[in-house]
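To start, the structure itself, in C-alpha cells.
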Amino acid sequence: MKKFLGFTTLSVAGAMLISGILLSLADTNSTAQNPVSNVSHESVEKYQYWLRDYNGYLAVFGNEAEEPELIFQVFIRNLPQYDQQALQYGIGVQDYEELIARIEDFIS
C-alpha cells in the first residue's frame with residue numbers, strides 16, 4: 001500500500017512538473033479570439049487560463065487563445081456529465097496554482 005501511495009504521489013508530482021514546464025514554454029501572447037463565446041468580456045479578463053474540451057481531450061488555453069497551450073491524454077467522454085458540460089463552455093481559472101489544482105482533479 002505504501003509503495004502504491006508513493007508511486008501515485010510521485011506520478012502526480014511529475015505531471016505537475018511537466019505541466020509547469022510546458023506552460024512556461026507556451027506562448028501566451030496570442031491575439032486570438034476568446035475561447036468561450038458566451039462569457040462576458042469582463043469575466044474573461046479575470047481569468048488567466050481556461051480548461052476546455054479540445055477534440056475530445058482536456059486542454060489548457062491561455063486567456064484569449066484559440067489554440068491550446070497544453071493537451072492532456074484525458075478523454076472528456078470518460079468524465080462525469082457535469083464536467084463534460086462545463087468543459088464544453090470552458091472553466092475559467094484565475095491563476096497558476098488554481099490551474100494545477102484543477103488539472104490534478106481531472107487527471108486523478
Side-chain angles (χ1 to χ4, degrees):
M1 181 68 176
K2 287 183 180 181
K3 287 182 180 181
F4 177 75
L5 183 59
F7 179 75
T8 302
T9 303
L10 185 60
S11 297
V12 171
M16 287 175 48
L17 178 62
I18 291 170
S19 298
I21 291 169
L22 292 175
L23 285 172
S24 68
L25 295 175
D27 178 22
T28 59
N29 294 328
S30 176
T31 58
Q33 295 180 1
N34 170 15
V36 182
S37 60
N38 64 345
V39 177
S40 70
H41 186 64
E42 293 80 25
S43 65
V44 169
E45 290 178 347
K46 75 177 189 177
Y47 297 119
Q48 196 172 7
Y49 304 100
W50 288 90
L51 290 170
R52 292 189 51 216
D53 178 350
Y54 184 78
N55 296 330
Y57 294 97
L58 174 65
V60 176
F61 289 78
N63 184 26
E64 295 186 16
E66 191 172 303
E67 293 294 319
E69 294 179 8
L70 186 61
I71 302 170
F72 291 92
Q73 294 296 315
V74 174
F75 290 110
I76 301 300
R77 69 175 181 254
N78 293 338
L79 298 174
Q81 187 66 30
Y82 175 81
D83 290 336
Q84 291 180 33
Q85 290 174 346
L87 289 166
Q88 291 297 318
Y89 292 108
I91 300 171
V93 181
Q94 292 183 358
D95 56 33
Y96 183 75
E97 290 77 23
E98 181 184 358
L99 177 66
I100 295 301
R102 289 189 178 256
I103 289 170
E104 283 180 7
D105 288 344
F106 282 114
I107 65 174
S108 61

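Numbers here are sequence positions counted from 1. On a predicted model such as this, the values are computed, not experimentally measured, just so you know. The figures here come from the full heavy-atom set of this structure, side chains too, leaving out hydrogens, waters and symmetry mates.
Using modelled atom types, one finds no donor on one side chain facing an acceptor on the other under 3.5 Å when comparing Glu69 with Tyr49. Donor-acceptor pairing under 3.5 Å is recorded for the side chains of Gln88 and Asp53.
The structure places CD1 of Ile103 at 3.5 Å from CZ of Phe72, a figure rounded to the nearest 0.5 Å.
A search for ring-ring contact (aromatic ring centres under 6.0 Å, His included) contacts involving Phe75 returns Tyr57, not counting sequence neighbours.
Closest heavy-atom contact between Pro68 and Tyr54: CD-CE1, 3.6 Å. What you find for Phe61 and Glu66 is that their closest heavy atoms are CE2-O, 3.3 Å. Considering every non-hydrogen atom in both Gln94 and Lys46, the closest pair reads CG-O, 3.8 Å. In plain terms, the two heavy atoms of Ile91 and Phe106 that are nearest each other are CD1-CZ, 3.9 Å.
Counting only residues at least two apart or in different chains, salt bridge (charged side-chain N to carboxylate O under 4.0 Å, His left out) contacts with residues 77-99 comprise Glu98-Arg102.
Contact check for Gln84 versus Ile76: side-chain heavy atoms found under the 4.5 Å cut-off. Looking at heavy atoms from C-beta onward, Val60 lies out of side-chain contact with Val93 at the 4.5 angstrom threshold.
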Derivation of the side-chain contact (heavy atoms from CB on, under 4.5 Å) call for Ile71 and Leu58: CA-CA 6 Å; Ile71 302 170; Leu58 174 65; over 6 Å; no
